[in-house]
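Atoms within each ligand, like the ligands themselves, are counted from 1 in listed order. Nothing here was measured: the structure is a model prediction, and the numbers come from that model.
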Amino acid sequence: MKGEKYLFVVSGPSGTGKDTVVARLLKNHPEIQHTVSATTRTPREGEKDGINYHFMTIPDFEEHLSRDQIVEHTQYCGNYYGTLRSEIEGRMAAGIPVILVIEVEGAGNIKRMYPGATTIFILPPDMAELERRLRNRGTESEETIQKRLKRAETEIGRSVDYDEHVVNVQVETCAESLYSIIQFKLAHGKDE
Ligand code: 5GP
């Protein structure tokens with residue numbers, strides 16, 4: 001599809017700080033836009049519908065799926081997460097750089113559907129630091145933390161499939177590394 005070079009997919013294990021990094025990138029470079037995914041998980045404190053996610057019930061999500069309004073979706077730790085077609089295709093056609101922050105399965109699906117997209121994996125400095133960040137967030141139960149740590153190992157194992165890798169040691173530096181990757185692709189990527 002035309003405009004695939006404008007599509008950027010960012011993944012990284014839970015707790016790696018990818019949302020903070022992407023938020024900094026968007027603040028520094030407002031010409032880049034962020035998509036809002038749909039999910040059936042309950043909002044965390046401070047999260048807003050339509051801003052952090054489109055929070056949906058399971059039947060609502062399944063209805064969107066049956067209408068082909070969700071281009072990729074996965075089940076993650078017991079909840080549905082999915083990318084809405086309306087969030088990406090208009091922007092790609094209009095030549096607006098757009099970022100999806102999604103897990104590895106979704107990233108693989110997006111890359112198969114839109115091979116011109118760029119996939120970027122954000123790594124933590126090491127596993128101990130990842131666990132520390134996850135615990136510091138203070139939003140998850142011990143059971144969820146354990147699930148997310150287990151999943152992190154699998155995800156890091158699959159990071160070899162990504163086009164680009166960035167280690168999040170420091171938010172600003174990591175955000176600017178992402179920006180360099182985006183700039184390069186916009187300048188040199190094929191647009192077909
Ligand atoms: P969280 O519950 O921490 O907000 O998100 C859990 C995981 O789901 C994260 O890795 C996040 O990037 C991923 N995720 C969020 N939205 C989507 C989506 O639309 N599709 C897929 N495949 N994963 C998503």
Taking the inter-plane angle between the rings of F121 and Y162 on a 0 to 90° scale, is it parallel (under 30°), tilted (30 to 60°) or perpendicular (over 60°)?
perpendicular

Please confirm whether E105 approaches ligand 1 to less than 4.0 Å, judged on its heavy atoms.
no

Using non-hydrogen atoms of the residue, decide whether H73 is closer than 4.0 angstrom to ligand 1.
no

Which residue and heavy atom of the protein sit nearest [atom], plus the separation:
atom	answer
atom 18 (C) of ligand 1	I102 CG2, 3.3 Å
atom 4 (O) of ligand 1	Y53 OH, 2.5 Å
atom 9 (C) of ligand 1	K18 NZ, 4.1 Å
atom 20 (N) of ligand 1	E72 OE2, 2.7 Å

Just distances here: any N/O of [X] and N/O of ligand 1 closer than 3.5 Å?
X	result
Y81	yes
A38	no
R137	no
V101	yes
S14	no
E103	yes
E155	no

Lys/Arg N to Asp/Glu carboxylate O, [X] vs [Y], below 4.0 Å:
X	Y	value
R158	E155	no
E140	R44	yes
E4	K111	no

Heavy atom under 4.0 Å from ligand 1: found in E140's side chain, backbone, both, or neither?
neither

Here the atoms of ligand 1 under 4.0 Å from any heavy atom belonging to G106 are 22 (N)

Report the member of A152, S37, P43, S11 with the shortest heavy-atom distance to atom 16 (N) of ligand 1.
S37

Decide whether F61 and F55 are clustered together by the hydrophobic rule: side chain heavy atoms of Ile, Leu, Val, Met, Phe, Trp, Tyr closer than 4.5 Å, transitively.
no

How about CD on E143, more than 12 heavy atoms from neighbouring residues, nucleotides or ligands closer than 6.0 Å, or not?
no

Looking only at atom types and distance, does a side-chain atom of E87 sit under 3.5 Å from a main-chain N or O of L84, one as donor and one as acceptor?
no

